[in-house]
Amino acid sequence: NNAIVGRLATVVSKILRGKNKPTFTPHMDMGDFVVVKNVEKIKFTGKKFQDKKYYKHTGYPGGIKEITPEKLAEKNKPADILKLAVKRMLPRGPLAKKQLTKLKIYKGSEHPHSVQNPTVIELSKLNSKNIARN
């Protein structure tokens, strides 16, 4: 709840890559699955929610498109905000694409992975700045 996007994404990307383990190997997929719930409650600091822009290009001349996190949230896609942040923190290439498939994002507190007994990571306990206060 009220987790700041960039700080949540750094924790998630480290776990996806496996950098939190002593057996980390850069060229192998050693990471764990990550389940993020209540994704609609993530926050940005400052005016980034309105002012930040995500760009993509269609491949055609003049085909650059831009969208803000505010518009993504209006389109009911808050999961894409976090997914883009995590994707850009992973190295480019086939291994990163495989590691990104291990990220599961859900709106609300319900998810189908409770059978796997996931361990809960409290972001607020890692650092007090990870949670938005406003």
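These figures come from a predicted structure and were not determined experimentally.
Using a distance-only test at 3.5 Å, with no hydrogens or angles considered, no donor-acceptor pair links the side chain of T25 to the main chain of H27.
Pairs engaging residues 70-103 under the ring pair (Phe, Tyr, Trp, His ring centres under 6.0 Å) rule: none recorded [sequence neighbours left out]. Within the structure, the side-chain hydrogen bond (donor to acceptor under 3.5 Å, both in side chains) test picks out no pair touching residues 114-127 (sequence neighbours left out). For residues 80-104, there are no ring pair (Phe, Tyr, Trp, His ring centres under 6.0 Å) pairs, not counting sequence neighbours. The list of ring pair (Phe, Tyr, Trp, His ring centres under 6.0 Å) pairs with a residue in residues 85-108, not counting sequence neighbours, reads Y106-H113. Annotation: salt bridge (Lys or Arg N to Asp or Glu O under 4.0 Å) contacts involving residues 13-23, sequence neighbours excluded, comprise K21-D32.
Clustering of Ile, Leu, Val, Met, Phe, Trp and Tyr by side-chain heavy atoms under 4.5 Å joins M89 with none of the others.
Side-chain atoms of H111 and P118, non-hydrogen and from C-beta on, do get closer than 4.5 Å to each other. Looking at heavy atoms from C-beta onward, I131 lies in side-chain contact with L123 at the 4.5 angstrom threshold. Within the 4.5 Å cutoff, side-chain heavy atoms of E40 are placed close to those of N38. Within the 4.5 Å cutoff, the side chain of V12 has heavy atoms near those of the L103 side chain. Residues H57 and Y55 have side chains not in contact (no heavy-atom distance under 4.5 Å, counting atoms from C-beta outward).
By the rule that hydrophobic residues join a cluster once side-chain heavy atoms approach within less than 4.5 Å of another member, V35 and F33 end up as members of separate clusters. Under the 4.5 Å side-chain heavy-atom criterion for grouping Ile, Leu, Val, Met, Phe, Trp and Tyr, I121 is connected to V86 within one hydrophobic cluster. Taking hydrophobic clusters as Ile, Leu, Val, Met, Phe, Trp and Tyr residues chained together by side-chain heavy-atom distances below 4.5 Å, L126 shares a cluster with I42.
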Q) So V11 and N20, side chain to side chain contact (heavy atoms under 4.5 Å, CB included) or not? Walk me through it. A) CA-CA 9 Å; V11 172; N20 57 339; over 6 Å; no

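Taking the side chain to side chain donor-acceptor pair (under 3.5 Å) definition, one finds that R7 meets it with N130, sequence neighbours left out. With sequence neighbours excluded, the residues that form a side chain to side chain contact (heavy atoms under 4.5 Å, CB included) with A96 are L90. Considering only residues two or more places apart in sequence or on other chains, K56 meets the salt bridge (charged side-chain N to carboxylate O under 4.0 Å, His left out) condition with none of them. Take K52 and apply the side chain to side chain donor-acceptor pair (under 3.5 Å) test, not counting sequence neighbours, and it matches no residue.
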In residues 61-84, what donor-acceptor pairs under 3.5 Å come from side-chain atoms, sequence neighbours left out?
unit_1 : atom_1 : unit_2 : atom_2 : d
T68    : OG1    : K71    : N      : 3.3
N76    : OD1    : K107   : NZ     : 3.0

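Other residues, nucleotides and ligands place no more than 12 heavy atoms under 6.0 Å from the NZ atom of K37.
One distance of note links NZ of K47 with CZ of F49; it measures 15.0 Å at 0.5 Å rounding. With values rounded to the nearest 0.5 angstrom, K48 atom NZ is found 7.5 Å from I4 atom CD1. Separating the OG atom in S13 from the CZ atom in R88 is a distance of 14.0 Å, to the nearest 0.5 Å.
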